[in-house]
Enquirer: 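So that we are looking at the same thing, I have put the structure below in structure tokens.
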Amino acid sequence: MSAPSDDQLGFAPDYDSPVPYMQRTRDYYAAIGYTTPYRWAHYVDAPFQPLKKPLAQSRVTIVTTAAQYDPTKGDQGPGAAYNGSAKFYQVYDGDTSKRHDLRISHIGYDRKHTTATDSGTWFPLPQLLKAKASGRIAEVAPRFFGAPTNRSHRVTIDVDAPDILARCLADQVDVAVIVPNCPVCHQTSALVARHLEANGIATVVMGCAKDIVEHAAAPRFLFSDFPLGNSAGKPHDADSQAQTLELALRLLESAPGARTTMQSPLRWSEEASWKLDYNNIAQMSPEELARRRAEFDKQKEIARGNRAA
């Protein structure tokens with residue numbers, strides 16, 4: 001008797017699992033000539049700050065890796081190629097009572113499956129304001145904060161995370177919702193979350209790169225199995241964005257301890273082949289890899305000049 005087929009058993013294909021971003025990134029950079037593997041931040045334990053008071057009495061902020069739009073820095077619009085000119089290297093903040101144009105052209109989100117036409121997928125301020133209006137949270141903090149996406153763990157740990165903490169303390173923040181986009185963004189967000197929690201501020205990371213956030217031992221993580229760039233919900237889908245924020249808030253309330261991950265029940269699509277594409281060298285020709293190496297070198301020079309300036 002033949003074994004039952006996957007269809008008969010109702011099995012999903014093996015690739016319909018969280019994308020292995022750390023391994024994909026290592027393989028990709030080795031394939032374009034950078035053979036020293038990147039050291040991803042790794043911890044086996046994490047600080048944990050329980051909520052000090054109910055969310056309905058708490059002041060909540062957002063930490064984002066998105067950049068403020070600057071018309072002098074080239075194409076940053078939907079579908080723009082990677083734009084190193086738009087990167088930022090110091091923490092910034094913004095007034096949460098105003099509208100903001102934040103974009104993600106400066107980082108490696110999934111450009112094939114993400115249109116980047118709806119900032120609500122990476123900057124959940126509108127949904128947080130609705131949560132305040134409904135009484136789900138007491139206040140939106142007066143400022144949100146931008147965290148630089150830095151490959152240097154030391155800069156994030158010693159410079160950027162303490163800077164964000166100081167601003168949070170100045171604003172009397174109780175809770176931080178942290179929203180990454182690219183692979184290194186997820187590492188940055190986990191490191192910032194760890195620092196805030198170690199200093200008395202409860203956090204939740206909303207993200208799409210499960211392996212990276214859990215490798216760095218974020219205290220609380222809401223995992224959405226979506227393409228990079230959609231940590232706060234599906235584009236042009238207010239219900240998805242509202243549900244994603246609500247799940248993050250529930251995780252803040254219910255996490256029993258550090259390193260708690262909750263997976264969103266939302267699916268990007270019924271067909272999961274999108275997971276095979278991001279930085280997958282098995283799907284790239286030698287010519288494509290050479291082109292990407294040349295473009296990467298070009299963007300490195302642009303970023304080096306911006307950092308020096």
Side-chain angles (χ1 to χ4, degrees), residues 12-41 65-67 73-88 103-118 121-122 148-152 180-188 207-213 215 224-231 234-235 267-307:
D14 285 342
Y15 62 76
D16 193 359
S17 302
V19 177
Y21 288 107
M22 290 191 295
Q23 191 61 52
R24 287 263 186 97
T25 301
R26 288 191 185 106
D27 293 346
Y28 174 77
Y29 282 104
I32 65 172
Y34 292 90
T35 55
T36 301
Y38 182 65
R39 175 66 160 114
W40 292 96
T65 59
K73 293 183 177 179
D75 186 3
Q76 299 151 70
Y82 177 83
N83 181 356
S85 296
K87 287 184 73 70
F88 61 99
R103 306 197 184 185
I104 55 174
S105 66
H106 64 298
I107 46 183
Y109 69 92
D110 189 333
R111 283 171 166 78
K112 182 172 182 178
H113 299 285
T114 300
T115 62
T117 56
D118 178 10
T121 67
W122 62 78
T149 296
N150 201 314
R151 290 181 176 84
S152 167
N181 294 287
C182 68
V184 176
C185 297
H186 282 75
Q187 175 177 263
T188 296
C208 301
K210 186 173 188 283
D211 59 334
I212 296 170
V213 175
H215 200 66
S224 293
D225 200 4
F226 294 167
L228 296 175
N230 300 280
S231 292
K234 295 182 179 181
R267 284 183 64 83
W268 182 251
S269 62
E270 286 306 311
E271 220 295 305
S273 61
W274 63 266
K275 299 181 182 185
L276 296 171
D277 292 331
Y278 185 84
N279 276 2
N280 188 348
I281 62 172
Q283 301 197 30
M284 299 179 196
S285 67
E287 294 77 19
E288 173 65 10
L289 289 169
R291 184 194 68 78
R292 289 185 176 223
R293 168 64 190 255
E295 179 61 24
F296 183 75
D297 289 344
K298 174 184 173 183
Q299 293 295 337
K300 275 181 60 179
E301 288 304 314
I302 292 172
R304 186 176 290 115
N306 289 345
R307 190 181 289 112

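Position 1 is the first residue of the sequence, and the numbers go up from there.
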Enquirer: Does the R111 side chain pair with the main chain of A80, one donor and one acceptor, at a distance under 3.5 Å?
Expert: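 Here the side-chain-to-backbone pair exists.
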Enquirer: Grab the two heavy atoms, one from D277 and one from K112, that are nearest each other, plus how far apart they are.
Expert: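 Heavy atoms of D277 and K112 come nearest at OD2-NZ, 3.4 Å.
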Enquirer: Please determine if R292 and E288 form a salt bridge, counting it only when a charged side-chain N lies under 4.0 Å from a carboxylate O.
Expert: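 Answer for the salt bridge query: yes.
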Enquirer: Between N230 and T121, is there a donor-acceptor pair closer than 3.5 Å when you use the side chain of the first and the backbone of the second?
Expert: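 Not confirmed, N230 side chain does not pair with T121 backbone.
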Enquirer: Table please: side-chain donor-acceptor pairs of residues 27-35 below 3.5 Å, with sequence neighbours left out.
Expert:
unit_1 : atom_1 : unit_2 : atom_2 : d
D27    : OD1    : Q23    : NE2    : 2.8
Y34    : OH     : D297   : OD1    : 2.3

Enquirer: K234 side chain to R267 main-chain N or O, any donor-acceptor pair under 3.5 Å?
Expert: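 Looks like yes, one N/O pair under 3.5 Å.
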Enquirer: A66 and F88: which non-hydrogen atoms are nearest, and at how many Å?
Expert: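 Result for this residue pair: O-CE2, 3.5 Å.
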Enquirer: Taking N83's backbone N and O only, do any of them form a donor-acceptor pair with Q76's side chain (distance below 3.5 Å, no angle check)?
Expert: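 Between the backbone of N83 and the side chain of Q76 there is no qualifying donor-acceptor contact (under 3.5 Å).
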Enquirer: Which heavy-atom pair separates W40 from R26 by the least distance, and what is that distance?
Expert: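 Minimum heavy-atom contact is CD1-NH2, 3.5 Å.
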Enquirer: Mind checking what makes side chain to side chain donor-acceptor pair (under 3.5 Å) contact with R151, not counting sequence neighbours?
Expert: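 With neighbours one apart ignored, the set is empty.
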Enquirer: For Y21 and L228, run side chain to side chain contact (heavy atoms under 4.5 Å, CB included): C-alpha distance rounded to whole Å, both residues' side-chain angles, the deciding distance at 0.1 Å, then the answer.
Expert: CA-CA 10 Å; Y21 288 107; L228 296 175; 3.5 Å; yes
Enquirer: For the backbone of A209 and the side chain of H186, can you confirm whether one donor and one acceptor N or O come within less than 3.5 Å of each other?
Expert: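 Such a contact is found between H186 side chain and A209 backbone.
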Enquirer: Checking S152 now: which residues fulfil side-chain contact (heavy atoms from CB on, under 4.5 Å) with it, not counting sequence neighbours?
Expert: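 Applying side-chain contact (heavy atoms from CB on, under 4.5 Å) to S152 gives N150, R154, V155.
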Enquirer: Between S273 and E271, is any side-chain donor less than 3.5 angstrom from a side-chain acceptor?
Expert: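 There is such a pair between these side chains.
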Enquirer: Show the nearest heavy-atom pair for residues T65 and P180, with the distance to one decimal.
Expert: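 Shortest heavy-atom separation between T65 and P180 comes out as OG1-CA, 3.6 Å.
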Enquirer: Which heavy atom of P183 sits nearest to which heavy atom of Y278, and what is that distance?
Expert: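 For P183 and Y278, the tightest heavy-atom pair comes out as CD-OH, 3.4 Å.
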Enquirer: Could you pull out the closest heavy-atom pair between K210 and P18, with the gap in Å?
Expert: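 Closest pair (atom of K210, atom of P18, distance): CD-CG, 3.9 Å.
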